[in-house]
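Presented below is the structure to which this report refers.
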Protein chains: 2
Amino acid sequence: MALDTLTALAEPTRRRICDTLRVRECGVAELVVALRMSQPAVSKHLRVLREAGVVSSRPVAQQRIYRLEPGPFQELDAWLRPYRELWSDSLDKLERHLDSNP
Amino acid sequence: MALDTLTALAEPTRRRICDTLRVRECGVAELVVALRMSQPAVSKHLRVLREAGVVSSRPVAQQRIYRLEPGPFQELDAWLRPYRELWSDSLDKLERHLDSNP
DNA sequence: CAGTTATATAACCTACCTGGCATGTTGTCC
DNA sequence: GGACAACATGCCAGGTAGGTTATATAACTG
């Protein structure tokens with residue numbers, strides 16, 4: 001489910017990390033520069049994202065390259081699906097009207 | 001932006017409220033029964049959702065009827081859009097491959 | 001092996017979040 | 001106007017989250 005995913009993505013800093021990683025995968029040091037934040041803070045956020053499955057890491061030399069994983073975003077997309085009828089076309093609204101007024 | 005929206009929706013209880021309101025709008029007492037939680041707790045969550053624009057309320061007699069608002073969900077949908085290329089078709093993957101290997 | 005680089009973890013502190021109970025507020029009915 | 005019904009709000013306790021500094025770990029480098 002999108003449970004932990006939303007918790008992970010609710011944090012502004014973590015969203016900035018995702019925005020950065022969306023452009024291209026990169027190591028922690030790059031993120032530290034991009035976010036202008038301390039390295040431990042970035043590592044902690046990456047841990048949360050990693051445990052939520054939002055990012056994955058692979059070792060390259062002494063670096064750890066982080067990359068976005070599609071899964072959680074797909075789950076979020078799926079979770080959002082039933083809510084899309086809130087703004088879908090008038091045909092849906094008519095249908096719901098008929099449902100509630102038999 | 002989807003900033004406050006994600007914070008509001010990150011809470012499991014608030015997601016349950018949204019799931020309930022997605023079926024139909026209702027007053028606080030119904031939510032209290034549905035969620036099996038104290039009325040003040042529900043009211044507080046509703047406050048968060050209301051201030052995030054996720055729900056709106058209108059007074060009916062001494063009740064307050066809460067309803068889902070489409071806006072934040074639309075914003076979330078829009079925020080998610082650039083991330084959809086993570087799992088889109090192989091054409092995109094080829095494109096990204098060519099971008100990174102000129 | 002010693003030193004450096006790159007990152008993770010530990011310990012700690014502050015602040016906020018969420019739940020409970022008690023109480024305030026607003027509208028309705030007699 | 002008094003009593004009641006439906007919510008909102010204030011206050012307090014417990015837990016957790018996010019930041020810092022200091023330290024541990026792992027992999028190159030000479």
Side-chain angles (χ1 to χ4, degrees), chain A residues 1-21 23-69 72 76, chain B residues 1-21 23-69 72 76:
Chain A
M1 302 287 185
L3 298 120
D4 275 341
T5 303
L6 276 171
T7 309
L9 295 178
E11 245 287 326
T13 303
R14 289 195 283 266
R15 270 198 303 261
R16 286 174 55 197
I17 290 178
C18 290
D19 285 344
T20 307
L21 290 180
V23 178
R24 70 173 194 285
E25 61 182 21
C26 58
V28 179
E30 297 181 68
L31 291 172
V32 169
V33 172
L35 304 177
R36 301 185 178 185
M37 193 170 309
S38 78
Q39 175 263 314
V42 173
S43 280
K44 284 174 83 171
H45 283 300
L46 285 172
R47 180 193 175 100
V48 174
L49 290 170
R50 193 183 343 125
E51 291 182 344
V54 176
V55 303
S56 64
S57 72
R58 71 173 195 280
V60 170
Q62 62 274 61
Q63 282 192 94
R64 298 241 173 152
I65 306 297
Y66 279 85
R67 176 179 27 172
L68 282 185
E69 285 296 325
L76 186 50
Chain B
M1 302 287 186
L3 297 121
D4 276 341
T5 303
L6 276 171
T7 308
L9 295 178
E11 245 287 324
T13 303
R14 289 195 283 266
R15 271 197 302 261
R16 288 174 54 200
I17 291 179
C18 290
D19 284 345
T20 307
L21 290 181
V23 178
R24 70 173 193 285
E25 61 182 20
C26 57
V28 179
E30 296 181 68
L31 292 170
V32 168
V33 173
L35 304 178
R36 300 183 180 187
M37 192 172 308
S38 77
Q39 174 263 313
V42 173
S43 280
K44 285 183 194 175
H45 283 299
L46 285 171
R47 181 192 173 103
V48 175
L49 290 171
R50 193 184 343 126
E51 290 182 344
V54 176
V55 303
S56 64
S57 72
R58 76 178 132 81
V60 168
Q62 62 273 61
Q63 281 193 95
R64 297 242 174 151
I65 306 298
Y66 280 84
R67 176 180 29 173
L68 281 183
E69 285 295 324
L76 185 51

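We use all heavy atoms of the structure for the numbers below, so side chains are in, but hydrogens, waters and symmetry mates are not. What you are looking at is a predicted structure, and each value in this text was computed from that prediction instead of being measured. Quick note on labels: first sequence line is chain A, next is B, and so on, each numbered from 1.
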>> Using 0.5 Å steps for rounding, measure from the CD1 atom of B/Ile17 to the CG atom of B/Leu35.
In response: 5.5 Å

> Within less than 4.0 Å of OP1 or OP2 of D/dA17, is there a side-chain N or O belonging to A/His45?
Replying inline: no

> A/Met37 CE to D/dT21 P: how many Å, rounded?
Replying inline: 13 Å

> Could you give the CD-to-P distance, from A/Gln39 to D/dG18, as a whole number of Å?
Replying inline: 17 Å

>> Rounded to whole Å, please give me the gap between CG in A/Leu6 and C1' in D/dA17.
In response: 17 Å

>> Rounded to whole Å, how long is the line connecting atom OH of B/Tyr66 with atom C1' of D/dA8?
In response: 8 Å

>> Tell me whether A/Arg14 contacts the main-chain N or O of A/Ala8 through its side chain, where contact means a donor paired with an acceptor under 3.5 Å.
In response: yes

>> Any residue in residues 49-64 of chain B with a heavy atom nearer than 4.0 angstrom to DNA chain C? Just list them by number, or reply none.
In response: B/Ala61, B/Gln62

> Whole-Å distance between D/dT9 P and B/Lys44 NZ?
Replying inline: 11 Å

> Should A/Glu11 and A/Lys44 count as an ion pair when the cut-off is N to O under 4.0 Å?
Replying inline: no

> Do the side chain of B/Arg50 and the main chain of B/Val55 share a donor and acceptor less than 3.5 angstrom apart?
Replying inline: no

> Between B/Ser43 and D/dC7, is there a side-chain N or O to OP1/OP2 distance below 4.0 Å?
Replying inline: no

> Of B/Val42 and A/Glu11, whose closest DNA chain D nucleotide lies nearer the 5' terminus?
Replying inline: B/Val42

> Over how many whole Å does the gap from B/Leu46 atom CG to D/dT9 atom C1' extend?
Replying inline: 14 Å

> Which nucleotide of DNA chain C is the first, and which the last, in the 5' to 3' direction, to come under 4.0 Å of a heavy atom belonging to chain B?
Replying inline: C/dT18 to C/dT28

> Would you call B/Arg16 and B/His45 a side-chain contact if the rule is heavy atoms closer than 4.5 Å?
Replying inline: no

>> Less than 4.0 angstrom between a side-chain N/O of A/Thr13 and OP1 or OP2 of D/dG19, yes or no?
In response: yes

